[in-house]
Amino acid sequence: MRKIVIGAAQMGPNQKADSRETIVARMLALLEEAARKGCTLVVYPELALTTFFPRWYIEDPAEIDRWFESEMPNAATQPLFDKARELQVAISFGYAELTADGHHFNSQILTDRDGNIVAKYRKIHLPGHSEWDDERAFQHLEKRYFEPGDLGFPVWRTQDAVIGMLICNDRRWPEAYRVMGLQGVELVILGYNTPSVNSQNSAEGEEQRLYHSELSMTAAAYQNSTWVVGVAKAGDEDGHPLMGGSIIVDPNGYVVARAKTDGDELLVHECDMDLSVFGKETIFDFARHRRIEHYGLITSQTGVVRKV
Ligand code: CDV
């Protein structure tokens with residue numbers, strides 16, 4: 001048995017006025033609870049250090065950049081890395097990354113149990129739009145503030161497991177999991193900020209949003225025989241509700257832990273990485289069963305082209 005005791009550290013809302021230090025203090029409390037409960041890996045949400053600022057239309061570049069981190073760790077997050085090392089718990093969290101040469105990404109890092117960053121992923125599937133949209137009930141300006149990730153979908157061997165990362169909207173795209181599946185991924189960790197209502201369809205409320213989120217992650221877990229951990233930032237953020245629904249999914253697609261609240265809440269599950277072996281050697285033994293000669297359109301064409 002190769003076990004990782006995983007803490008899915010769902011976070012309640014971060015308000016626009018909250019300082020990074022206040023937010024990190026809440027993350028530290030979750031980390032300490034996780035260590036008390038035996039976790040060796042804690043996963044926090046997308047853009048864990050700030051409010052979900054892409055809901056705001058901002059024009060001033062300096063105002064935009066104040067939501068970004070130009071180094072990691074930095075003064076505000078150093079206590080998190082220090083505590084992770086002290087407690088011997090690996091951590092993973094999302095943040096807005098500003099690179100030294102001026103690029104903006106929606107990123108997530110993973111540390112080892114000594115608090116060293118060993119992996120970084122940059123969100124590839126950016127939802128939303130780049131200019132103000134009158135047709136929407138509220139804005140979702142990720143395409144304005146971020147560039148698509150430029151690191152692909154790598155996996156890393158750490159904690160005696162093959163681990164990959166996704167961020168929020170990525171979790172809805174089977175291609176993303178499959179690229180990691182082809183590298184033998186055993187655990188996919190991801191965070192999300194999902195509005196409780198569809199900004200373009202008020203009839204699509206929280207129940208359907210939760211269903212689609214869970215459907216995407218459970219199907220991908222089963223089809224790639226991998227653990228999937230999806231962690232929300234939830235609750236009322238600056239008057240805008242985000243759904244919860246954080247889950248830990250096993251390689252058979254079963255939800256083994258589920259958040260009950262829309263606040264700071266830790267889910268804990270002892271995940272055996274060896275559980276991913278059976279599916280990978282049988283029904284989803286890719287080497288024996290995939291038929292790549294018929295999959296060309298997936299990489300040669302982006303949108304729908306109707307021929308009939
Ligand atoms: N932060 C996100 O990527 N949110 C999207 C919403 C806009 C649909 C999501 O896929 O949850």
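Just follow the structure's listing: the first ligand is 1, and inside any ligand the first atom is 1.
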Distance from Ile167 atom CD1 to Asn106 atom CG, nearest 0.5 Å?
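With rounding to 0.5 Å, CD1 (Ile167) is 4.5 Å from CG (Asn106).
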
Below 4.0 angstrom, N of the basic side chain to O of the carboxylate: do Glu237 and Arg55 qualify?
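Arg55 and Glu237: salt-bridged.
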
Checking a contact table here: which protein heavy atom is nearest [atom], and how many Å away?
atom: atom 9 (C) of ligand 1; answer: Arg172 NH2, 3.3 Å
atom: atom 2 (C) of ligand 1; answer: Cys168 SG, 2.8 Å
atom: atom 11 (O) of ligand 1; answer: Thr194 OG1, 2.6 Å
atom: atom 3 (O) of ligand 1; answer: Lys123 NZ, 2.8 Å
atom: atom 7 (C) of ligand 1; answer: His140 CE1, 3.2 Å

Hey, which atoms in ligand 1 end up nearer than 4.0 Å to a heavy atom of [X]?
X: Asn193; answer: 1 (N), 2 (C), 4 (N)
X: Glu142; answer: 1 (N), 2 (C), 3 (O)
X: Phe52; answer: 1 (N)
X: Glu46; answer: 1 (N)

According to the ring pair (Phe, Tyr, Trp, His ring centres under 6.0 Å) rule, which pairs have a member within residues 160-206, sequence neighbours left out?
His125-Trp173

Is there a nitrogen or oxygen of Arg209 sitting under 3.5 Å from a nitrogen or oxygen of ligand 1?
no

Main-chain N/O of [Y] paired with [X] side-chain donor or acceptor, under 3.5 Å:
X: Lys233; Y: Thr50; value: yes
X: Asn74; Y: Glu71; value: yes
X: Glu147; Y: His104; value: yes

Compute the centroid of each ring, for His140 and then for Phe52, and state whether the two points are separated by less than 6.0 Å.
yes

Taking the six-membered ring for Trp, is the centroid-to-centroid distance between His240 and Phe138 below 6.0 Å?
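Yes, the ring centres sit under 6.0 Å apart.
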
For ligand 1, the portion of His125 having any non-hydrogen atom under 4.0 Å away:
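It is neither; nothing of His125 touches ligand 1.
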
Heavy-atom contacts under 4.0 Å between Tyr192 and ligand 1: side chain, backbone, both, or neither?
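For Tyr192, no heavy atom sits under 4.0 Å from ligand 1.
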
Assess Gly128 for proximity to ligand 1: is some non-hydrogen atom of it under 4.0 Å away?
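Not so, Gly128 does not reach ligand 1.
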
Check the hydrophobic clustering (I, L, V, M, F, W, Y; side-chain heavy atoms under 4.5 Å; chains of links allowed) and say if Leu166 and Val255 are grouped together.
yes

